[in-house]
Number of protein chains: 2
Amino acid sequence: MSLKRWKLIIEYDGTNYSGWQRQNTDPSIQQAIEEAITKFCQQKISITAAGRTDAGVHACGQVAHFDLDYGDRPLSGHDLAKALNAHLRPHPVAILQAEIVDSNFHARFSATNKMYRYQILNRPGPATFQRTQVWHVKHPMDAEKMHDAAQVLIGHHDFTTFRDSQCQSKSPEKTLDRLDVRRQGDLITIEAEARSFLHHQIRNFAGTLALVGQGRWTAQQVREALEAKDRTKGGPTAPPSGLFLFRVDY
Amino acid sequence: MSLKRWKLIIEYDGTNYSGWQRQNTDPSIQQAIEEAITKFCQQKISITAAGRTDAGVHACGQVAHFDLDYGDRPLSGHDLAKALNAHLRPHPVAILQAEIVDSNFHARFSATNKMYRYQILNRPGPATFQRTQVWHVKHPMDAEKMHDAAQVLIGHHDFTTFRDSQCQSKSPEKTLDRLDVRRQGDLITIEAEARSFLHHQIRNFAGTLALVGQGRWTAQQVREALEAKDRTKGGPTAPPSGLFLFRVDY
(Lines give C-alpha, C1' and ligand atoms only; values in the text may rest on other atoms or scores of the structure.)
Protein backbone atom coordinates (compact mmCIF):
# COMPACT_ATOMS: atom_id res chain seq x y z
CA MET A 1 0.00 0.00 0.00
CA SER A 2 1.51 3.33 -1.04
CA LEU A 3 -1.24 5.89 -1.32
CA LYS A 4 -0.02 9.21 -2.70
CA ARG A 5 -1.89 12.50 -2.86
CA TRP A 6 -1.63 14.20 -6.26
CA LYS A 7 -2.23 17.86 -7.04
CA LEU A 8 -3.30 18.82 -10.57
CA ILE A 9 -3.33 22.26 -12.22
CA ILE A 10 -6.01 22.24 -14.90
CA GLU A 11 -7.09 24.45 -17.80
CA TYR A 12 -10.46 24.01 -19.50
CA ASP A 13 -12.99 25.54 -21.84
CA GLY A 14 -16.24 25.19 -19.90
CA THR A 15 -18.51 26.17 -22.81
CA ASN A 16 -20.14 22.81 -23.43
CA TYR A 17 -20.06 21.48 -19.86
CA SER A 18 -22.51 21.65 -16.99
CA GLY A 19 -19.69 23.03 -14.82
CA TRP A 20 -16.96 21.48 -12.74
CA GLN A 21 -19.11 19.25 -10.58
CA ARG A 22 -20.13 15.75 -11.61
CA GLN A 23 -23.86 15.40 -12.26
CA ASN A 24 -26.02 12.49 -13.25
CA THR A 25 -27.19 14.07 -16.48
CA ASP A 26 -24.91 16.50 -18.34
CA PRO A 27 -21.17 16.11 -18.94
CA SER A 28 -18.96 17.85 -16.37
CA ILE A 29 -15.26 18.66 -16.21
CA GLN A 30 -14.89 16.56 -13.05
CA GLN A 31 -16.37 13.55 -14.81
CA ALA A 32 -14.08 13.98 -17.83
CA ILE A 33 -10.99 14.01 -15.60
CA GLU A 34 -12.14 11.17 -13.34
CA GLU A 35 -12.80 9.01 -16.40
CA ALA A 36 -9.32 9.81 -17.72
CA ILE A 37 -7.79 8.78 -14.38
CA THR A 38 -9.77 5.53 -14.42
CA LYS A 39 -8.59 4.76 -17.95
CA PHE A 40 -5.01 5.36 -16.80
CA CYS A 41 -5.01 3.31 -13.57
CA GLN A 42 -8.12 1.10 -13.78
CA GLN A 43 -9.30 2.47 -10.42
CA LYS A 44 -12.39 4.47 -9.60
CA ILE A 45 -11.04 7.76 -8.25
CA SER A 46 -12.82 10.82 -6.90
CA ILE A 47 -11.20 14.26 -7.31
CA THR A 48 -11.76 17.46 -5.31
CA ALA A 49 -11.40 20.94 -6.82
CA ALA A 50 -10.42 24.30 -5.34
CA GLY A 51 -13.62 25.87 -6.68
CA ARG A 52 -16.71 24.54 -8.42
CA THR A 53 -17.04 26.53 -11.62
CA ASP A 54 -20.56 26.96 -13.07
CA ALA A 55 -21.78 25.84 -16.48
CA GLY A 56 -19.96 27.78 -19.21
CA VAL A 57 -17.27 29.12 -16.85
CA HIS A 58 -13.62 28.43 -17.75
CA ALA A 59 -10.38 27.83 -15.90
CA CYS A 60 -6.72 28.56 -16.64
CA GLY A 61 -5.53 27.41 -13.22
CA GLN A 62 -8.11 25.22 -11.51
CA VAL A 63 -6.50 23.00 -8.86
CA ALA A 64 -7.72 19.55 -7.82
CA HIS A 65 -6.39 16.71 -5.67
CA PHE A 66 -6.92 12.97 -5.52
CA ASP A 67 -5.34 9.92 -3.87
CA LEU A 68 -3.79 7.18 -5.97
CA ASP A 69 -2.22 3.86 -5.03
CA TYR A 70 0.15 3.12 -7.89
CA GLY A 71 2.03 0.42 -6.01
CA ASP A 72 5.82 0.67 -6.08
CA ARG A 73 5.99 1.61 -9.73
CA PRO A 74 7.69 4.96 -10.45
CA LEU A 75 5.37 7.69 -11.73
CA SER A 76 6.52 11.22 -12.43
CA GLY A 77 4.23 14.23 -12.60
CA HIS A 78 5.21 14.72 -16.23
CA ASP A 79 4.22 11.17 -17.12
CA LEU A 80 0.93 11.32 -15.23
CA ALA A 81 -0.03 14.62 -16.90
CA LYS A 82 0.93 13.24 -20.30
CA ALA A 83 -1.16 10.09 -19.80
CA LEU A 84 -4.20 12.02 -18.52
CA ASN A 85 -4.00 14.50 -21.41
CA ALA A 86 -3.98 11.58 -23.84
CA HIS A 87 -7.02 10.00 -22.16
CA LEU A 88 -8.83 13.38 -21.97
CA ARG A 89 -8.94 13.77 -25.75
CA PRO A 90 -11.06 15.25 -27.32
CA HIS A 91 -12.26 17.20 -24.27
CA PRO A 92 -10.96 20.82 -24.22
CA VAL A 93 -9.29 20.06 -20.88
CA ALA A 94 -5.52 20.21 -20.30
CA ILE A 95 -3.59 18.98 -17.26
CA LEU A 96 -0.89 21.65 -17.05
CA GLN A 97 0.93 20.16 -14.06
CA ALA A 98 0.78 17.12 -11.78
CA GLU A 99 2.80 16.68 -8.60
CA ILE A 100 2.79 14.64 -5.40
CA VAL A 101 1.87 16.72 -2.35
CA ASP A 102 1.61 16.16 1.38
CA SER A 103 -1.36 14.01 2.39
CA ASN A 104 -2.73 16.99 4.35
CA PHE A 105 -3.02 19.10 1.20
CA HIS A 106 -6.62 19.89 0.28
CA ALA A 107 -7.36 21.70 -3.02
CA ARG A 108 -10.21 23.67 -1.50
CA PHE A 109 -9.43 24.07 2.20
CA SER A 110 -5.67 24.67 1.86
CA ALA A 111 -6.17 27.53 -0.62
CA THR A 112 -5.02 30.90 0.73
CA ASN A 113 -5.95 33.01 -2.28
CA LYS A 114 -7.95 32.72 -5.51
CA MET A 115 -7.78 34.90 -8.56
CA TYR A 116 -10.57 35.12 -11.13
CA ARG A 117 -10.59 37.07 -14.39
CA TYR A 118 -13.70 38.35 -16.17
CA GLN A 119 -13.45 39.39 -19.84
CA ILE A 120 -15.74 41.89 -21.57
CA LEU A 121 -15.42 42.50 -25.31
CA ASN A 122 -16.50 46.14 -25.60
CA ARG A 123 -17.08 47.16 -29.22
CA PRO A 124 -19.97 47.41 -31.68
CA GLY A 125 -18.81 44.41 -33.76
CA PRO A 126 -19.42 40.85 -32.57
CA ALA A 127 -16.83 38.49 -31.09
CA THR A 128 -15.14 36.11 -33.52
CA PHE A 129 -12.30 34.03 -31.99
CA GLN A 130 -13.32 34.55 -28.38
CA ARG A 131 -17.05 34.15 -28.90
CA THR A 132 -17.47 31.79 -25.93
CA GLN A 133 -14.79 33.46 -23.77
CA VAL A 134 -16.16 36.97 -23.38
CA TRP A 135 -19.25 38.93 -22.52
CA HIS A 136 -19.95 41.09 -25.57
CA VAL A 137 -21.13 44.60 -24.64
CA LYS A 138 -21.74 46.94 -27.59
CA HIS A 139 -22.30 50.17 -25.65
CA PRO A 140 -18.99 52.00 -24.99
CA MET A 141 -17.72 51.57 -21.43
CA ASP A 142 -15.27 53.64 -19.38
CA ALA A 143 -12.87 51.15 -17.75
CA GLU A 144 -11.31 53.81 -15.49
CA LYS A 145 -14.68 54.64 -13.97
CA MET A 146 -15.33 50.92 -13.51
CA HIS A 147 -11.98 50.56 -11.75
CA ASP A 148 -12.66 53.50 -9.44
CA ALA A 149 -16.10 52.15 -8.53
CA ALA A 150 -14.62 48.67 -7.97
CA GLN A 151 -12.44 50.05 -5.16
CA VAL A 152 -15.62 50.66 -3.13
CA LEU A 153 -15.96 46.87 -2.87
CA ILE A 154 -12.45 46.20 -1.52
CA GLY A 155 -12.17 45.00 2.09
CA HIS A 156 -14.27 42.99 4.54
CA HIS A 157 -17.99 43.33 3.79
CA ASP A 158 -21.34 41.61 3.92
CA PHE A 159 -21.66 40.87 0.16
CA THR A 160 -25.35 39.81 0.23
CA THR A 161 -26.04 42.25 -2.64
CA PHE A 162 -23.67 40.28 -4.89
CA ARG A 163 -24.59 36.78 -3.69
CA ASP A 164 -26.71 34.29 -5.59
CA SER A 165 -29.84 33.06 -3.80
CA GLN A 166 -28.52 29.49 -4.24
CA CYS A 167 -25.23 30.29 -2.48
CA GLN A 168 -24.38 27.67 0.14
CA SER A 169 -21.77 29.68 2.06
CA LYS A 170 -22.54 29.92 5.77
CA SER A 171 -21.82 33.62 5.91
CA PRO A 172 -22.25 36.44 3.35
CA GLU A 173 -19.14 38.11 4.79
CA LYS A 174 -15.96 37.90 2.75
CA THR A 175 -12.75 39.89 2.41
CA LEU A 176 -12.06 41.14 -1.11
CA ASP A 177 -8.35 41.87 -1.58
CA ARG A 178 -8.20 43.15 -5.16
CA LEU A 179 -10.64 44.18 -7.90
CA ASP A 180 -8.87 45.77 -10.87
CA VAL A 181 -10.48 46.85 -14.14
CA ARG A 182 -8.33 47.56 -17.18
CA ARG A 183 -8.86 48.07 -20.89
CA GLN A 184 -6.55 46.73 -23.61
CA GLY A 185 -7.98 47.68 -27.00
CA ASP A 186 -11.50 46.27 -27.21
CA LEU A 187 -11.05 44.00 -24.21
CA ILE A 188 -11.92 45.03 -20.64
CA THR A 189 -10.66 42.66 -17.96
CA ILE A 190 -11.78 42.54 -14.35
CA GLU A 191 -9.38 40.74 -12.00
CA ALA A 192 -10.57 39.73 -8.53
CA GLU A 193 -8.58 38.24 -5.67
CA ALA A 194 -9.76 36.91 -2.31
CA ARG A 195 -9.35 33.88 -0.12
CA SER A 196 -12.82 32.78 -1.20
CA PHE A 197 -15.88 34.09 -3.01
CA LEU A 198 -19.65 33.74 -2.77
CA HIS A 199 -21.63 32.03 -5.54
CA HIS A 200 -21.94 34.37 -8.58
CA GLN A 201 -20.03 37.10 -6.70
CA ILE A 202 -17.71 38.00 -9.59
CA ARG A 203 -20.41 37.76 -12.25
CA ASN A 204 -22.56 40.05 -10.09
CA PHE A 205 -19.62 42.45 -9.67
CA ALA A 206 -19.14 42.42 -13.47
CA GLY A 207 -22.83 43.09 -14.15
CA THR A 208 -22.82 45.98 -11.67
CA LEU A 209 -19.53 47.50 -12.85
CA ALA A 210 -20.84 47.33 -16.44
CA LEU A 211 -23.59 49.75 -15.37
CA VAL A 212 -20.89 52.11 -14.10
CA GLY A 213 -18.88 51.70 -17.30
CA GLN A 214 -21.91 52.70 -19.37
CA GLY A 215 -22.51 55.78 -17.21
CA ARG A 216 -25.77 54.47 -15.79
CA TRP A 217 -24.45 54.10 -12.22
CA THR A 218 -21.93 56.03 -10.12
CA ALA A 219 -19.40 54.66 -7.63
CA GLN A 220 -21.66 56.06 -4.93
CA GLN A 221 -24.55 53.92 -6.18
CA VAL A 222 -22.28 50.86 -6.01
CA ARG A 223 -21.54 51.76 -2.38
CA GLU A 224 -25.25 52.13 -1.61
CA ALA A 225 -26.01 48.80 -3.28
CA LEU A 226 -23.31 47.10 -1.18
CA GLU A 227 -24.64 48.66 2.02
CA ALA A 228 -28.24 47.65 1.19
CA LYS A 229 -27.27 43.96 1.67
CA ASP A 230 -30.04 43.08 -0.76
CA ARG A 231 -29.50 41.14 -4.00
CA THR A 232 -32.29 43.06 -5.73
CA LYS A 233 -30.31 46.29 -5.24
CA GLY A 234 -27.29 45.00 -7.20
CA GLY A 235 -26.71 44.95 -10.96
CA PRO A 236 -27.53 41.98 -13.18
CA THR A 237 -25.51 38.76 -13.23
CA ALA A 238 -23.03 38.86 -16.13
CA PRO A 239 -22.97 35.75 -18.37
CA PRO A 240 -20.68 32.81 -17.47
CA SER A 241 -18.73 32.91 -20.75
CA GLY A 242 -16.49 35.78 -19.62
CA LEU A 243 -15.35 34.15 -16.36
CA PHE A 244 -12.07 32.29 -15.76
CA LEU A 245 -10.75 30.74 -12.55
CA PHE A 246 -7.27 32.04 -13.20
CA ARG A 247 -5.06 30.96 -10.29
CA VAL A 248 -5.22 29.36 -6.85
CA ASP A 249 -2.48 30.00 -4.30
CA TYR A 250 -1.52 27.80 -1.32
CA MET B 1 -25.18 58.49 -59.43
CA SER B 2 -22.99 58.83 -56.36
CA LEU B 3 -20.56 55.97 -56.27
CA LYS B 4 -18.51 55.92 -53.07
CA ARG B 5 -15.49 53.75 -52.25
CA TRP B 6 -15.72 52.13 -48.83
CA LYS B 7 -12.83 50.73 -46.79
CA LEU B 8 -13.58 47.97 -44.27
CA ILE B 9 -11.40 46.67 -41.42
CA ILE B 10 -12.34 43.06 -40.79
CA GLU B 11 -11.68 40.43 -38.11
CA TYR B 12 -12.46 36.76 -38.73
CA ASP B 13 -11.92 33.24 -37.50
CA GLY B 14 -10.85 31.42 -40.65
CA THR B 15 -11.12 27.92 -39.15
CA ASN B 16 -14.11 26.65 -41.11
CA TYR B 17 -13.54 28.62 -44.31
CA SER B 18 -11.67 27.88 -47.52
CA GLY B 19 -9.80 31.16 -47.06
CA TRP B 20 -10.49 34.77 -48.03
CA GLN B 21 -11.10 34.22 -51.71
CA ARG B 22 -14.50 33.33 -53.13
CA GLN B 23 -14.60 29.84 -54.64
CA ASN B 24 -17.29 27.89 -56.37
CA THR B 25 -17.34 25.11 -53.80
CA ASP B 26 -16.44 25.86 -50.18
CA PRO B 27 -17.58 28.87 -48.13
CA SER B 28 -15.12 31.77 -48.09
CA ILE B 29 -14.83 34.94 -46.03
CA GLN B 30 -15.18 37.07 -49.18
CA GLN B 31 -18.44 35.34 -50.07
CA ALA B 32 -19.84 35.81 -46.54
CA ILE B 33 -19.13 39.56 -46.66
CA GLU B 34 -20.34 40.03 -50.25
CA GLU B 35 -23.60 38.28 -49.37
CA ALA B 36 -24.01 40.54 -46.31
CA ILE B 37 -23.49 43.62 -48.52
CA THR B 38 -26.06 42.34 -51.02
CA LYS B 39 -28.59 41.75 -48.24
CA PHE B 40 -27.99 45.31 -47.06
CA CYS B 41 -28.22 47.16 -50.41
CA GLN B 42 -29.81 44.67 -52.83
CA GLN B 43 -26.84 45.08 -55.19
CA LYS B 44 -24.29 42.54 -56.32
CA ILE B 45 -20.97 43.91 -55.06
CA SER B 46 -17.43 42.60 -55.42
CA ILE B 47 -14.87 43.34 -52.69
CA THR B 48 -11.07 43.39 -52.88
CA ALA B 49 -8.84 42.50 -49.91
CA ALA B 50 -5.36 43.59 -48.88
CA GLY B 51 -4.22 39.97 -48.68
CA ARG B 52 -5.79 36.64 -49.57
CA THR B 53 -5.57 34.52 -46.43
CA ASP B 54 -5.43 30.74 -46.87
CA ALA B 55 -7.89 28.18 -45.49
CA GLY B 56 -7.78 28.18 -41.69
CA VAL B 57 -5.84 31.46 -41.46
CA HIS B 58 -7.37 34.27 -39.38
CA ALA B 59 -7.41 38.06 -39.45
CA CYS B 60 -7.62 40.77 -36.81
CA GLY B 61 -7.13 43.60 -39.26
CA GLN B 62 -7.84 42.50 -42.83
CA VAL B 63 -8.70 45.46 -45.05
CA ALA B 64 -11.02 45.38 -48.07
CA HIS B 65 -12.61 47.95 -50.36
CA PHE B 66 -15.70 48.08 -52.53
CA ASP B 67 -17.75 50.65 -54.45
CA LEU B 68 -21.34 51.35 -53.50
CA ASP B 69 -23.97 53.62 -55.01
CA TYR B 70 -26.31 54.38 -52.15
CA GLY B 71 -27.98 57.32 -53.90
CA ASP B 72 -28.32 60.51 -51.89
CA ARG B 73 -29.32 58.76 -48.68
CA PRO B 74 -26.98 59.41 -45.73
CA LEU B 75 -24.93 56.42 -44.61
CA SER B 76 -22.35 56.61 -41.81
CA GLY B 77 -19.52 54.13 -41.35
CA HIS B 78 -20.99 53.15 -37.99
CA ASP B 79 -24.37 52.36 -39.54
CA LEU B 80 -22.88 50.39 -42.44
CA ALA B 81 -20.70 48.31 -40.09
CA LYS B 82 -23.68 47.68 -37.82
CA ALA B 83 -25.87 46.55 -40.73
CA LEU B 84 -23.18 44.29 -42.20
CA ASN B 85 -22.46 42.73 -38.80
CA ALA B 86 -26.16 41.97 -38.42
CA HIS B 87 -26.31 40.36 -41.88
CA LEU B 88 -23.05 38.43 -41.27
CA ARG B 89 -24.51 36.47 -38.37
CA PRO B 90 -23.74 33.66 -37.54
CA HIS B 91 -20.41 33.84 -39.40
CA PRO B 92 -17.44 34.50 -37.05
CA VAL B 93 -16.69 37.65 -39.05
CA ALA B 94 -16.78 41.17 -37.58
CA ILE B 95 -16.64 44.47 -39.47
CA LEU B 96 -14.57 46.55 -37.01
CA GLN B 97 -14.67 49.77 -39.02
CA ALA B 98 -16.17 51.16 -42.24
CA GLU B 99 -15.28 54.49 -43.80
CA ILE B 100 -15.51 56.29 -47.12
CA VAL B 101 -12.11 56.70 -48.77
CA ASP B 102 -10.76 58.36 -51.88
CA SER B 103 -11.72 56.57 -55.09
CA ASN B 104 -8.01 55.93 -55.76
CA PHE B 105 -7.67 53.86 -52.59
CA HIS B 106 -6.94 50.18 -53.27
CA ALA B 107 -6.89 47.72 -50.36
CA ARG B 108 -4.04 45.72 -51.90
CA PHE B 109 -2.02 48.13 -54.03
CA SER B 110 -2.19 51.13 -51.66
CA ALA B 111 -0.86 49.12 -48.71
CA THR B 112 2.57 50.30 -47.52
CA ASN B 113 3.06 47.75 -44.74
CA LYS B 114 1.51 44.51 -43.51
CA MET B 115 1.89 42.87 -40.12
CA TYR B 116 1.22 39.20 -39.51
CA ARG B 117 1.34 37.33 -36.20
CA TYR B 118 1.99 33.61 -35.79
CA GLN B 119 1.08 31.93 -32.48
CA ILE B 120 2.72 28.76 -31.13
CA LEU B 121 1.39 27.14 -27.95
CA ASN B 122 4.54 25.58 -26.50
CA ARG B 123 3.75 23.18 -23.65
CA PRO B 124 3.17 19.47 -23.14
CA GLY B 125 -0.59 19.86 -22.50
CA PRO B 126 -3.02 20.39 -25.38
CA ALA B 127 -4.68 23.68 -26.34
CA THR B 128 -8.15 24.29 -24.90
CA PHE B 129 -9.60 27.76 -25.65
CA GLN B 130 -7.24 28.56 -28.52
CA ARG B 131 -7.34 25.15 -30.16
CA THR B 132 -7.89 26.54 -33.67
CA GLN B 133 -5.77 29.67 -33.14
CA VAL B 134 -2.36 28.21 -32.38
CA TRP B 135 0.17 25.67 -33.56
CA HIS B 136 0.66 23.30 -30.63
CA VAL B 137 4.30 22.24 -30.19
CA LYS B 138 4.98 19.98 -27.21
CA HIS B 139 8.77 19.99 -27.32
CA PRO B 140 10.23 22.93 -25.31
CA MET B 141 11.42 25.81 -27.49
CA ASP B 142 13.87 28.64 -26.80
CA ALA B 143 12.19 31.83 -28.04
CA GLU B 144 15.36 33.90 -27.65
CA LYS B 145 17.29 31.61 -29.99
CA MET B 146 14.37 31.79 -32.43
CA HIS B 147 14.47 35.58 -32.28
CA ASP B 148 18.23 35.71 -32.88
CA ALA B 149 17.95 33.36 -35.86
CA ALA B 150 15.03 35.39 -37.22
CA GLN B 151 17.28 38.44 -37.55
CA VAL B 152 19.21 36.59 -40.28
CA LEU B 153 16.11 36.94 -42.47
CA ILE B 154 15.69 40.71 -42.10
CA GLY B 155 16.36 42.86 -45.17
CA HIS B 156 16.08 42.49 -48.93
CA HIS B 157 16.54 38.88 -50.03
CA ASP B 158 15.56 36.28 -52.57
CA PHE B 159 13.15 34.27 -50.34
CA THR B 160 12.73 31.28 -52.68
CA THR B 161 13.57 28.95 -49.75
CA PHE B 162 10.45 30.18 -47.94
CA ARG B 163 8.13 30.44 -50.93
CA ASP B 164 5.35 28.04 -51.78
CA SER B 165 5.57 26.36 -55.18
CA GLN B 166 2.09 27.76 -55.95
CA CYS B 167 3.19 31.36 -55.25
CA GLN B 168 2.09 33.71 -58.04
CA SER B 169 4.39 36.61 -57.18
CA LYS B 170 6.48 37.72 -60.16
CA SER B 171 9.68 37.91 -58.11
CA PRO B 172 10.94 35.90 -55.10
CA GLU B 173 12.68 39.07 -53.84
CA LYS B 174 11.08 40.86 -50.91
CA THR B 175 12.19 43.21 -48.16
CA LEU B 176 11.47 41.92 -44.64
CA ASP B 177 11.39 44.81 -42.15
CA ARG B 178 10.72 43.03 -38.85
CA LEU B 179 10.64 39.46 -37.53
CA ASP B 180 10.34 39.35 -33.75
CA VAL B 181 9.89 36.24 -31.61
CA ARG B 182 8.75 36.52 -28.00
CA ARG B 183 7.48 34.21 -25.29
CA GLN B 184 4.69 35.06 -22.83
CA GLY B 185 4.07 32.06 -20.62
CA ASP B 186 3.20 29.09 -22.84
CA LEU B 187 2.65 31.25 -25.90
CA ILE B 188 5.36 32.08 -28.43
CA THR B 189 4.45 34.80 -30.93
CA ILE B 190 6.24 35.59 -34.16
CA GLU B 191 5.50 39.03 -35.59
CA ALA B 192 6.46 39.82 -39.17
CA GLU B 193 6.28 43.14 -41.02
CA ALA B 194 6.92 43.91 -44.67
CA ARG B 195 5.31 45.75 -47.56
CA SER B 196 4.31 42.38 -49.00
CA PHE B 197 4.99 38.66 -48.51
CA LEU B 198 5.29 35.57 -50.67
CA HIS B 199 2.73 32.76 -50.44
CA HIS B 200 3.35 30.70 -47.25
CA GLN B 201 6.35 32.88 -46.38
CA ILE B 202 5.42 33.38 -42.71
CA ARG B 203 4.29 29.78 -42.19
CA ASN B 204 7.60 28.66 -43.69
CA PHE B 205 9.48 31.08 -41.41
CA ALA B 206 7.54 29.65 -38.44
CA GLY B 207 8.29 26.05 -39.38
CA THR B 208 11.99 26.86 -39.80
CA LEU B 209 12.29 28.93 -36.60
CA ALA B 210 10.59 26.10 -34.71
CA LEU B 211 13.57 23.90 -35.64
CA VAL B 212 15.87 26.52 -34.12
CA GLY B 213 13.69 26.77 -31.00
CA GLN B 214 13.96 23.02 -30.49
CA GLY B 215 17.74 23.12 -30.86
CA ARG B 216 17.75 21.15 -34.11
CA TRP B 217 18.96 24.07 -36.25
CA THR B 218 21.31 27.00 -35.62
CA ALA B 219 21.00 30.59 -36.89
CA GLN B 220 23.84 29.74 -39.27
CA GLN B 221 21.75 26.94 -40.79
CA VAL B 222 18.89 29.40 -41.32
CA ARG B 223 21.31 31.67 -43.16
CA GLU B 224 22.52 28.79 -45.32
CA ALA B 225 18.92 27.77 -46.09
CA LEU B 226 18.11 31.35 -47.16
CA GLU B 227 21.19 31.52 -49.35
CA ALA B 228 20.39 28.16 -50.98
CA LYS B 229 17.30 29.73 -52.65
CA ASP B 230 15.73 26.27 -52.63
CA ARG B 231 12.41 25.46 -50.94
CA THR B 232 13.61 21.94 -50.11
CA LYS B 233 16.39 23.43 -47.93
CA GLY B 234 13.91 25.28 -45.67
CA GLY B 235 11.97 23.99 -42.67
CA PRO B 236 8.42 22.60 -42.90
CA THR B 237 5.35 24.78 -43.45
CA ALA B 238 3.71 25.49 -40.09
CA PRO B 239 -0.08 24.90 -39.91
CA PRO B 240 -2.49 27.71 -40.90
CA SER B 241 -4.26 27.79 -37.49
CA GLY B 242 -1.52 29.90 -35.86
CA LEU B 243 -1.50 32.68 -38.47
CA PHE B 244 -3.26 36.06 -38.23
CA LEU B 245 -3.23 38.96 -40.68
CA PHE B 246 -2.89 41.48 -37.89
CA ARG B 247 -2.70 44.94 -39.46
CA VAL B 248 -2.41 46.68 -42.83
CA ASP B 249 -0.98 50.20 -43.04
CA TYR B 250 -1.59 52.74 -45.82
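Here is how names work: the chains are called A, B, and so on, in the same order as the sequence lines, proteins then strands, and each is numbered from 1. As the structure is a computational prediction, the values presented were derived from the model and not from experiment.
Annotation: maximal heavy-atom pairing with chain A below 4.5 Å, among B:Ala86, B:Ala94, B:Pro124, occurs at B:Ala94.
Heavy atoms of A:Gln133 lying under 4.5 Å from chain B belong exclusively to its side chain. Only the backbone of A:Ala59 comes within contact range of chain B, with at least one heavy atom under 4.5 Å from a heavy atom of that chain. At a 4.5 Å heavy-atom cutoff, the contact between A:Phe129 and chain B is made by backbone and side-chain atoms alike.
Electrostatic pairing of B:Glu191 and B:Arg182 counts as a salt bridge here, judged by a charged N lying under 4.0 Å from a carboxylate O. Looking at B:Asp164 and B:Arg203, no side-chain N of the basic residue comes within less than 4.0 Å of a carboxylate O on the acidic one, giving no salt bridge.
Atoms CZ and CG, on B:Phe66 and B:Leu3 in that order, are 10.5 Å from each other to the nearest 0.5 Å.
Side-chain contact, B:His139 with B:Asn122: no donor N or O sits under 3.5 Å from an acceptor N or O.
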